[in-house]
Every structure is written in structure tokens, then in C-alpha cells.
Amino acid sequence: MAHFVRAPDHLRTEPLMDDEFAARLAKVDEIRARGDDPYPVKFDRSHTLHEVREQWDKIVEAGASTDDVVRIAGRVLLKRAQGRLTFAKVRDGTGELQLFVSQGELGKDEFARFGEEIERGDWVGVEGKVMKTKLGELSVNVSSFQLLSKALRPLPEKWHGLSDTDTRYRQRYVDLIANDDARRVFDIRFAAISAMRRFLSERGYVEVETPELHSISGGATAKPFTTHHNALDVDLSLRIAPELYLKRLIVGGYDRVFEFARVFRNEGLSTRHNPEFTMLELYEAFADYYDMMRLIEEMIADAAVQATGSTTVEWDGAEIDLSPPFERRTMIDLIKEHAGVDVHPSQPVEELRAVCDSLGVPWEKAWGPGKLVLEIYEKTTESKIEAPTFVCDYPREVSPLARVHRDDPTLTERFELIVHGRELANAFSELNDPVDQLRRFEAQASLKRLGDDEAHDIDFDYVRALEYGLPPTGGLGLGVDRLVMVLAGVTSIREVILFPHMRPEAEKS
RNA sequence: GGGCCGCUGGCGCAAUUGGCAGCGCGACGGACUUUUAAUCCGCAGGUUCCGGGUUCGAGUCCCGGGCGGCCCA
């Protein structure tokens with residue numbers, strides 16, 4: 001009997017040793033008893049499955065065989081045994097291919113060994129000639145084979161796959177094996193990310209890395225996760241945004257930088273929020289927010305084409321056209337269109353509170369005019385914006401890191417990109433006046449004293465960096481997970497994060 | 001945090017009013033040399049998420065708990 005490390009009960013097969021698991025474990029013992037290794041160290045492939053298809057699919061005729069011998073490997077997804085002939089579908093990281101396994105080619109003993117030893121779910125390596133069956137299916141006519149890894153747990157149902165969301169998210173590896181759609185979503189994710197990397201590199205951007213452990217949490221309004229560094233005996237936060245470090249790099253002389261930043265926010269979970277998620281932030285010296293609009297609309301359109309082949313996507317029941325240019329509208333203008341009111345952060349607080357009351361938007365006494373306008377926008381307007389739209393010119397009061405608008409001192413040069421009511425990106429002409437920045441930080445600090453635990457702390461080193469001179473700079477943050485949701489046509493963020501945050505599996509008593 | 005829904009064999013799903021826990025795939029045994037979710041014959045497999053309650057009788061109803069999904073805050 002093989003022995004294995006005993007997993008906690010709640011992670012073990014239920015019932016603890018079901019028949020199929022036991023049978024597969026017994027097979028491992030038989031294989032070892034014969035002197036073979038059910039988990040060999042290596043297999044030399046001559047081709048990936050994709051390469052076999054590329055090279056031979058077009059030139060081999062149905063019912064014909066070549067003399068070309070290949071060595072391939074993959075996981076057995078399906079097995080159709082038919083007397084002295086067996087068909088198997090295998091998959092590697094590049095594609096799928098059929099194995100043609102015949103007693104005539106393998107000999108009686110080896111054919112029998114294939115039938116007993118190689119089961120659905122196992123990894124197998126084979127050698128054989130490339131051929132096509134009568135019905136034209138490209139195959140490898142197996143002349144020898146080797147078990148590469150025995151699967152002890154059976155795969156989910158071959159037609160319906162795995163549908164239980166709990167299992168799909170907790171055991172993503174099974175989801176990826178069993179569900180084509182899960183693989184499709186992540187293929188889109190990885191293609192979009194690599195397209196954006198390429199896009200930015202081609203434009204002279206440098207990919208950088210900045211700290212994830214911050215002693216001052218900044219760059220966004222959110223509750224951080226906190227931790228402690230023992231050697232220095234200091235409390236630290238996991239970053240909520242990389243913004244302030246990236247702008248320090250612009251001060252340091254890097255003209256164009258970007259980072260795919262994993263960020264952490266200690267907030268609830270929903271179809272739109274995971275406690276850790278990925279932001280693309282980028283900063284470009286001598287640019288303003290108009291440059292950021294042009295950059296991101298081109299970058300998103302390019303990523304869409306690279307990842308899906310099209311700039312048109314279907315998402316949440318809507319057809320969305322991601323081809324540039326996106327609409328450019330001001331927040332004030334959009335509020336007028338959707339809520340039917342004229343508001344502006346230059347108005348007295350009392351007037352804006354009255355507008356809130358008339359629209360049924362709750363407000364708090366600590367809020368100034370800018371926050372009241374933002375709240376009116378978020379409650380009445382944001383969710384109604386359909387086509388990709390740059391919502392421009394946010395109130396200064398709620399944008400502590402954005403430069404004052406060149407034409408209106410109560411606003412900033414800031415936009416958010418909204419698609420079908422959801423925020424995808426946030427960008428500014430960056431605030432580079434150190435005196436103004438310190439004032440804004442102080443305003444945030446007094447909000448924090450009034451009980452707003454999401455308000456910024458003052459980052460004096462960041463102000464010091466600005467005092468050395470940040471050139472005029474455009475900056476942008478893009479929610480990568482949310483962009484992927486749009487591109488892949490899924491409405492839950494858990495579908496685009498490989499291992500979404502879950503409550504730990506319960507101990508069974 | 002609130003509302004609604006779900007949890008049944010390894011996986012996908014049934015179970016009428018509270019009345020013998022079933023089906024398909026997979027597994028296991030057998031037939032089959034061109035299949036494509038192969039087909040055909042046979043057979044095994046259950047703590048119905050957990051705990052309590054009502055009842056002659058609970059997958060089903062009630063209470064509490066766990067995990068998940070969707071919507072709302």
C-alpha cells in the first residue's frame with residue numbers, strides 16, 4: 001500500500017477514500033511493483049501539440065499516414081476504447097490532439113497496458129507517426145507510450161464540466177482543466193496584459209517596481225491592510241496604490257514609467273471588488289490629462305484587438321464599442337444631462353445640500369461643495385453612462401493629487417473613464433506644486449481627524465520630492481481586472497482573478 | 001450588514017402534497033480496429049452541508065450554524 005501525508009480532513013476526498021480514488025492509488029502500487037515509475041522525472045518532447053497541428057494538419061490527407069515520428073505529451077481528456085483500438089484526446093499548454101492507439105501498432109501486451117494504465121486525467125507521453133483518421137482527424141499513431149503522472153482524483157463530468165462556483169474558485173486548477181470558458185477568460189487576460197506591456201514599451205515607457213510595503217498609505221482613498229516589521233519594530237501597510245512612488249521616479253528623471261501593481265484594499269468583497277487586485281499605473285513627463293486620454297483609448301483598443309480580435313465587445317447585455325476616440329464630457333455637464341440640475345463646486349454648501357435633498361442623495365455635514373457635487377454625480381449619473389466616456393474635471397476637494405484646472409480653481413484636471421456605468425480608469429494632470437500639495441494633504445489630514453478613515457495621511461517625503469521639482473506630468477491608473485471583465489464579457493471580478501479571495505475552507509467536525 | 005437563491009454518489013442534475021433517495025457522465029465487469037460527449041450489455045457507489053426540532057414518517061417543514069452565488073447598502 002502506498003502511503004501519503006494525511007491532509008486535513010476537510011481537504012480530503014469525501015468519503016475519505018472513495019472507490020475510484022482507491023483504485024487509482026492501487027494502480028500506482030502495481031506500476032511501482034512492476035518496476036516502473038508512475039511519476040517519472042522527465043519526458044523529451046519533439047513537438048508541442050500546436051506545432052504538430054501547424055506542421056501536418058494541412059498536408060496530411062484523411063486516411064493517410066506519414067513516416068514522420070513525433071514525441072508529444074499531454075493530459076488525457078477523453079478516452080474512447082473500442083476493442084483493439086482506442087482513441088484518446090490529449091491536451092498540452094498549446095492545444096489538443098488525438099492519439100490513435102491500436103493493438104496492431106503497439107502489440108498485444110503494450111496495448112493492454114495502455115488500456116489499464118492510462119486513464120482519463122493522467123498525463124502521458126507518446127511516440128508515433130503523424131496520421132489522419134478516415135474522418136480526417138489529425139492524430140498520432142502511438143508506437144510507444146509512458147505514463148508521466150498518475151491522477152488520483154477523477155476529472156469532472158466531460159460534457160458539463162465543473163459548475164459549482166465554490167469549487168471552481170477554490171480549485172481553479174480543476175476549473176481550468178474542465179471548463180474551456182475559464183481558460184478563454186484567462187487567455188484574454190494574459191493577452192491583454194502583454195499587449196499593454198508591448199504598447200507602453202513601444203512608446204518608450206520603462207516598467208518599474210516600487211514597494212508594496214508602505215509606511216504611509218497613500219495614492220488613493222481606501223482602508224489598508226496593516227502589518228508589522230519586526231526587525232525595525234514599525235507598523236506598515238500593504239499599498240493601496242503605487243502612485244506616490246511612481247511620481248518620485250519622474251522626479252528622479254525617468255520620463256515615462258509604468259507598473260502593473262498588485263494593490264490591497266481592506267474592504268468588502270463583491271462582483272466588482274477583490275481585496276487584492278491589479279492596477280496599471282503609468283506616468284509621463286511633459287504630458288497632461290488630454291495626452292492620457294489619447295494614450296488610454298489607443299491602448300485599450302489595441303489590447304481589445306490583441307486579446308479578442310475586435311474592438312466591439314458584448315458586456316452585461318450591452319454592445320460596447322471600444323474604438324477611439326471615446327466621448328469627452330465634463331462631470332458638471334453629465335450631471336445636468338442625467339439629473340437635470342446645475343451644480344458646481346463654486347456654489348455655497350447650503351445650495352448643494354438642498355440639491356441633494358431634492359434628488360434624495362444623502363449628505364454629511366463634514367462635506368464641502370466638491371464632495372457634495374461628487375456625491376450627486378455618483379448617485380445620479382455614473383451608472384447611466386453607457387459608451388466609453390472620459391468624465392472630466394473633478395472637484396478639487398476630492399482630488400488631492402490632481403493639478404488645479406487651468407481654467408477653474410475649484411476643479412482639477414482629472415478624468416475617470418466610465419464604461420457601462422463602471423469606473424475603469426482614473427487620470428490627472430499631476431499636481432506638481434509642492435506648496436499646494438502640502439495644503440491638500442493638510443486638508444485631508446483634517447478630514448481624517450473628523451473621522452474619515454479613508455482620507456490621506458500626509459506624506460512629507462513625497463512633498464520633499466516635489467520640492468526638488470516634478471515636471472509637468474500626466475498620470476493614469478487603470479483597473480486591469482475590470483478591463484479584462486469587459487473584454488471577456490464577464491460580470492464578476494472572480495471570473496478574471498485566478499485565485500480570488502475566499503473564506504478559508506471550514507474544518508469538518 | 002440586509003434581501004433572495006443554492007448546497008443530494010467523484011462531476012452534472014432529478015425527487016409531485018412530507019411517503020421506497022433516482023437519472024446521466026465517470027468508475028467497475030464484458031463486447032467491439034476509424035471514434036469525435038463513441039455505442040451496446042451488466043454492476044457497484046449515498047452522513048441529501050452541519051446541529052437541533054416538529055412528525056407515524058423529513059432531501060422536502062421550523063430554528064440555529066457553515067460555505068457559496070446574485071442583488072442592495
Side-chain angles (χ1 to χ4, degrees), chain A residues 9-27 60-65 76-91 96-108 111-112 114-116 118-122 131-142 151-175 177-180 182 267-274 316-317 360-362 375 378-379 383 421 490-495 500-509:
Chain A
D9 281 352
H10 66 283
L11 292 178
R12 303 186 70 196
T13 305
E14 290 293 338
L16 290 183
M17 185 75 89
D18 67 79
D19 288 349
E20 186 161 1
F21 190 99
R24 285 176 175 242
L25 202 52
K27 255 170 211 179
V60 184
E61 285 175 21
S65 180
V76 177
L77 298 176
L78 284 173
K79 199 176 142 190
R80 292 182 286 272
Q82 238 186 259
R84 284 166 286 172
L85 182 63
T86 292
F87 298 92
K89 183 160 97 174
V90 294
R91 177 161 75 210
E96 297 175 356
L97 196 66
Q98 180 167 267
L99 303 183
F100 182 94
V101 188
S102 72
Q103 182 169 306
E105 180 70 24
L106 267 177
K108 198 169 182 183
F111 182 78
F114 187 93
E116 284 162 24
I118 307 299
E119 298 174 276
R120 186 161 173 266
D122 293 348
M131 57 160 292
K132 257 188 190 172
T133 62
K134 282 180 187 169
L135 293 178
E137 180 80 36
L138 189 69
S139 308
V140 169
N141 187 1
V142 175
L152 297 181
R153 296 178 189 251
L155 294 180
E157 215 258 0
K158 63 189 173 189
W159 185 241
H160 298 97
L162 179 68
S163 69
D164 180 68
T165 47
D166 189 84
T167 312
R168 286 188 50 232
Y169 297 154
R170 288 185 198 276
Q171 301 180 46
R172 182 71 83 184
Y173 38 91
V174 183
D175 189 33
I177 296 166
N179 295 329
D180 291 345
E267 294 162 357
L269 293 81
S270 76
T271 49
R272 296 175 205 186
H273 299 89
N274 194 62
D316 193 23
V361 175
E375 205 65 18
E378 287 184 346
K379 289 289 187 302
S383 66
V490 300
T491 52
S492 170
I493 197 169
R494 295 183 159 199
E495 296 292 339
H501 187 72
M502 303 286 277
R503 197 179 288 272
E505 286 184 69
E507 301 277 346
K508 283 181 176 134
S509 52

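A, B, ... follow the sequence lines: proteins, then strands. Residue 1 opens every chain.
For the pair D175(A) CG and G68(B) P, the computed distance is 16 Å after rounding to whole Å. To the nearest angstrom, C1' of A38(B) lies 13 Å from NZ of K89(A). Following rounding to the nearest Å, R80(A) (CZ) and C40(B) (C1') show an atom-to-atom distance of 17 Å. One can place CD of E116(A) at 9 Å from P of G30(B), the figure rounded to the nearest angstrom. As a whole-Å value, the separation of L152(A) CG from G10(B) P is 16 Å. One interatomic measurement links the two molecules: NZ of K79(A) to C1' of C28(B), which rounds to 13 Å at whole-angstrom precision.
Between V174(A) and P156(A) the shortest side-chain heavy-atom distance falls below 4.5 Å. Using a 4.5 Å heavy-atom threshold, the side chains of K79(A) and T86(A) count as touching. You'll find the side chain of E375(A) stays beyond 4.5 Å of the side chain of P362(A), heavy atoms only. Inter-residue side-chain proximity for Q98(A) and R80(A) is flagged as met; some heavy-atom pair is nearer than 4.5 Å. The shortest distance between side-chain heavy atoms of M502(A) and R494(A) falls below 4.5 Å. Taking 4.5 Å as the limit, every side-chain heavy atom of T271(A) sits out of range of all side-chain heavy atoms of T491(A).
Side-chain nitrogen and oxygen atoms of T133(A) include none within less than 4.0 Å of the OP1 or OP2 phosphate oxygen of U35(B). Distances shorter than 4.0 Å separate some side-chain N or O of K158(A) from OP1 or OP2 on G26(B).
Taking the side chain of F87(A) as heavy atoms from C-beta on, and the options U34(B), G69(B), C28(B), the nearest nucleotide is U34(B). Of all nucleotides listed (A37(B), G12(B), G68(B)), G12(B) comes nearest to the side chain of D164(A). Comparing C70(B), G69(B), C25(B) by their nearest atom to the side chain of E157(A) picks out C25(B). For S163(A), taking side-chain heavy atoms from C-beta onward, the closest of the listed nucleotides C28(B), U36(B), C13(B) is C13(B). The side chain of P156(A) lies closest to C11(B), out of A27(B), C11(B), U35(B). Nearest to the side chain of L78(A), among U35(B), A37(B), A27(B), sits A37(B).
Taking the P atoms as reference points, C43(B) lies 40 Å from G53(B), given to the whole Å. G18(B) and G57(B) have their C1' atoms separated by 8 Å, with the value rounded to a whole Å. A distance of about 35 Å separates the C1' atoms of G12(B) and A73(B), rounded to the whole Å. Nucleotides G45(B) and C25(B) are separated by 14 Å at their C1' atoms, to the nearest Å. When the C1' atom is used for both G59(B) and G22(B), the distance is 12 Å, rounded to whole Å. Atom name P, nucleotides C7(B) and A15(B): the rounded distance is 10 Å, in whole Å. Going from the C1' atom of U48(B) to that of G29(B) covers 29 Å, rounded to whole Å. If you take atom C1' in U17(B) and the same atom in U60(B), they sit 11 Å apart, rounded to whole Å.
At a threshold of 4.0 angstrom between heavy atoms, the contacts of Q98(A) include nucleobase atoms, whether or not backbone atoms are also involved. Heavy atoms of G268(A) sit nowhere under 4.0 angstrom from any nucleic acid atom. Looking at heavy-atom distances under 4.0 Å, L135(A) makes contact with a base. At the heavy-atom level, A81(A) lies under 4.0 Å from base atoms of the strands shown.
Across every strand in view, C20(B) sits unpaired, with no contact that passes the Watson-Crick or G-U test at under 3.5 angstrom. With a cut-off of 3.5 Å on both Watson-Crick or G-U wobble distances, the partner of U54(B) is given as none.
For S102(A) and U33(B), a side-chain-to-base donor-acceptor distance below 3.5 Å is absent, hydrogens and geometry of angles not being considered. One cannot find a donor-acceptor pair under 3.5 Å joining the base of U34(B) and the side-chain atoms of E137(A). Residue R84(A) places no side-chain atom within donor-acceptor reach of the base of U33(B), judged by atom type and a 3.5 Å distance cut-off alone.
Scanning both residues, Y169(A) and S492(A), for their nearest heavy atoms gives OH-OG, 4.3 Å.
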